[in-house]
Structures are given as structure tokens and as C-alpha cells.
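Below is one structure, written out as C-alpha cells, with a few remarks after it.
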Amino acid sequence: MSAVALVLGVLIGLYQVGQEAGTASKSTMSPVAGMSLGGGFSLIDHNGQAVTEADYAGKYQLIYFGFTYCPAICPTELQKITQVLKKLEPEQAEKIQPLFITIDPERDTPAVMKEYVALFHDRLVGLSGSVEQIEQVKKDYRIYATKVPDPDSPDDYTMDHSSYIYFMDPQGQLVGLYSMRDKADEIVSDIQARL
Ligand code: NI
């Protein structure tokens with residue numbers, strides 16, 4: 001299989017298995033080398049400061065995309081990031097900046113993000129922005145996320161979205177992609193092999 005076909009296959013897989021509602025999630029931990037994903041961004045951090053990728057350059061990053069109103073999957077995955085950082089050696093964990101980027105910028109204001117990220121890790125940074133800024137980041141990171149009416153309250157909405165933890169190197173290149181199936185210990189081993 002050519003490298004291009006492999007990358008396309010991974011990307012198609014990302015869309016297919018990434019939805020929280022899906023049950024057929026599988027690990028995509030290894031075959032991501034050279035996959036072009038991510039890039040520069042312009043967002044607002046949970047203190048209301050404008051930030052770009054340059055603010056986190058020089059560090060590895062664990063990035064999760066989700067929304068604070070998410071009932072189950074987002075908190076579980078953010079908790080997993082917390083566990084990973086705790087299980088790594090302190091000097092390893094220090095090399096990693098954890099980021100939570102909302103895919104629901106209309107409700108997840110910086111103030112909402114600030115309260116939420118504090119529940120998980122003292123170094124977790126919550127990033128929000130305008131609808132346009134978030135759309136751009138979603139595109140660059142191949143994030144599937146869309147509003148769906150909340151079945152329990154018709155005036156309200158929830159978000160259907162892909163769920164992956166992105167592990168980026170200090171140059172902003174994707175080096176690991178972890179699915180809901182990947183356990184904290186497995187992620188720790190993978191990160192230790194790549195640091
Ligand atoms: Ni979620």
C-alpha cells in the first residue's frame with residue numbers, strides 16, 4: 001500500500017470510527033507517522049488571552065477536542081489525559097502541554113472553559129474562540145463535530161463529535177493518535193517510546 005493510500009485510509013477511518021455514538025472504535029495508535037494534520041491556530045485561552053500555536057511551541061502537546069456539556073465521553077477522555085500525565089515520570093510530563101479545544105464555542109466561553117479545565121489538571125489549558133476560528137481548527141485537525149437536537153430537551157442541543165487524543169511533537173507534527181479504546185497505561189508506554 002502506498003503511503004498516500006495509507007494516510008487516506010487512516011483519515012477515512014478517523015471519520016468512521018471517531019464518532020462517540022459509534023461502537024466500532026479501534027486503536028489508531030501506530031500508523032500515523034508523516035500524516036499531515038494540525039497546523040497553526042488562532043484561539044482564545046481560558047483566561048481570555050489570544051493565543052496561537054507559537055504559545056505552545058517547544059513542548060509536546062496532548063490535545064483533546066470536545067465540549068464542556070458532554071455528559072460522558074469528554075470527561076472520561078480528559079480524565080485519561082490527567083492519568084497519563086500522572087503516570088509519566090514528572091520530567092516527562094513536564095515536556096507535555098495538555099490542551100482542551102472546544103468544538104462548541106457558542107456555549108464554551110473562556111470563563112466556562114476555565115472552570116471546567118480546573119476539574120482535570122492544573123496545567124490543562126482550555127481553548128475557545130469564534131465560530132470561525134473553531135471551524136478552522138476543526139478542518140485542520142480533521143475533527144468531525146456537529147450540533148444535534150437534544151432528545152431530552154428539544155430547545156437544547158448536544159454535539160456529536162469525533163473523539164481522539166492527539167499527541168503532537170514540539171514542531172507541531174502528529175506523532176500519536178489515541179482512541180477511546182486506548183487505556184492510559186498503553187498511551188503512557190506509547191508516549192515514553194516517542195519522547
Ligand atoms: Ni464529548
Side-chain angles (χ1 to χ4, degrees), residues 13-26 28 37-38 41-53 55-56 61-86 96-168 177-184 187:
L14 204 66
Y15 281 111
Q16 286 175 343
V17 305
Q19 299 179 35
E20 284 187 353
T23 52
S25 173
K26 69 179 173 73
T28 47
L37 232 169
F41 56 76
S42 178
L43 295 168
I44 307 291
D45 75 9
H46 65 234
N47 291 314
Q49 300 293 314
V51 293
T52 71
E53 75 289 350
D55 288 279
Y56 310 106
Q61 294 149 36
L62 278 173
I63 309 178
Y64 187 73
F65 295 83
F67 67 117
T68 67
Y69 287 75
C70 185
I73 307 294
C74 291
T76 302
E77 294 303 291
L78 288 169
Q79 190 60 42
K80 200 192 278 180
I81 289 178
T82 304
Q83 286 172 11
V84 166
L85 292 170
K86 279 186 182 158
I96 301 172
Q97 174 62 57
L99 297 174
F100 175 50
I101 302 180
T102 184
I103 44 86
D104 184 13
E106 289 161 79
R107 291 187 298 195
D108 287 340
T109 61
V112 171
M113 294 293 274
K114 183 170 187 163
E115 248 181 67
Y116 191 72
V117 295
L119 300 172
F120 297 96
H121 196 275
D122 57 2
R123 289 197 299 111
L124 178 62
V125 171
L127 298 177
S128 186
S130 67
V131 170
E132 292 74 20
Q133 286 173 320
I134 296 297
E135 281 303 318
Q136 187 61 50
V137 164
K138 280 167 59 183
K139 205 178 284 177
D140 292 342
Y141 285 80
R142 318 285 208 278
I143 300 296
Y144 162 79
T146 192
K147 277 185 189 178
V148 289
D150 186 339
D152 300 324
S153 98
D155 296 336
D156 215 347
Y157 67 89
T158 185
M159 302 295 294
D160 192 12
H161 69 102
S162 53
S163 178
Y164 281 95
I165 297 169
Y166 292 69
F167 184 45
M168 315 295 290
L177 191 60
Y178 311 118
S179 79
M180 288 182 278
R181 285 246 181 121
D182 297 320
K183 295 187 171 60
I187 297 174

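When reading the values below, keep in mind they use all heavy atoms of this one structure, side chains included, and skip hydrogens, waters and symmetry mates.
- Between Y178 and F167, the closest side-chain pair of non-hydrogen atoms falls below 4.5 Å.
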Where do V84 and L62 land on the side chain to side chain contact (heavy atoms under 4.5 Å, CB included) test, with the steps shown first?
CA-CA 10 Å; V84 166; L62 278 173; 4.2 Å; yes
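- In this structure, V51 and I44 have side chains that are not in contact, with every pair of non-hydrogen atoms separated by 4.5 Å or more.
- L177 CG to R142 CZ: the interatomic distance, rounded to the nearest 0.5 Å, is 11.5 Å.
- A centroid separation of less than 6.0 Å is found between the aromatic rings of Y141 and Y166.
- Inter-residue side-chain proximity for P105 and Q133 is flagged as unmet; no heavy-atom pair is nearer than 4.5 Å.
- Between atom CD1 of residue I143 and atom CD1 of residue I103 there is a gap of 9.0 Å, rounded to the nearest 0.5 Å.
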Take D55 and D45, measure what side chain to side chain contact (heavy atoms under 4.5 Å, CB included) needs, and give me the verdict at the end.
CA-CA 11 Å; D55 288 279; D45 75 9; over 6 Å; no
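- Between K80 and S179, the shortest heavy-atom distance links the atoms NZ-O, 3.3 Å.
- Nearest heavy-atom pair, H46 versus L124, reported as atom, atom and distance to 0.1 Å: CE1-O, 3.5 Å.
- Distance check: K86 NZ to I81 CD1 gives 13.0 Å after rounding to the nearest 0.5 Å.
- Under the 4.5 Å side-chain criterion, counting only non-hydrogen atoms from C-beta, I101 is in contact with V137.
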Please output the side-chain donor-acceptor pairs of residues 109-119 that fall under 3.5 Å, not counting sequence neighbours, one pair per line with the distance.
residue, atom, partner, partner atom, Å
T109, OG1, V112, N, 3.3
K114, NZ, N47, OD1, 2.9

Derivation of the side chain to side chain contact (heavy atoms under 4.5 Å, CB included) call for L127 and Y56
CA-CA 12 Å; L127 298 177; Y56 310 106; 3.7 Å; yes
From CA spacing to verdict: side chain to side chain contact (heavy atoms under 4.5 Å, CB included), T68, D104
CA-CA 8 Å; T68 67; D104 184 13; over 6 Å; no
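- With values rounded to the nearest 0.5 angstrom, E53 atom CD is found 10.5 Å from M168 atom CE.
- Distance check, rounded to the nearest 0.5 Å: CZ of R181 to OG of S163 gives 13.0 Å.
- The shortest non-hydrogen separation linking Q61 to L99 is OE1-CD1, 4.1 Å.
- Here OG of S42 is found 11.5 Å from CD of E132. Values are rounded to the nearest 0.5 Å.
- Counted by atom type alone, D108 and Y69 present zero donor-acceptor pairs between their side chains at under 3.5 Å.
- Each side chain to side chain donor-acceptor pair (under 3.5 Å) pair with one or both residues in residues 147-156, not counting sequence neighbours, appears once here: E106-K147, R107-D156.
- Side-chain contact between L85 and H121: present, with at least one pair of heavy atoms (C-beta onward) separated by less than 4.5 Å.
- Nearest heavy-atom pair, A145 versus K138, reported as atom, atom and distance to 0.1 Å: O-NZ, 3.1 Å.
- Formation of a donor-acceptor pair under 3.5 Å by the Q136 side chain with backbone atoms of V131 is not found in this model.
- With contacts defined as side-chain heavy-atom distances shorter than 4.5 Å, the pair C74/Y64 qualifies.
- Looking only at side-chain heavy atoms (C-beta outward), V148 and M159 stay at 4.5 Å or farther from each other.
- Contact check for F41 versus D140: no side-chain heavy atoms found under the 4.5 Å cut-off.
- Ring centers of H161 and F67: under 6.0 Å apart, within the cut-off.
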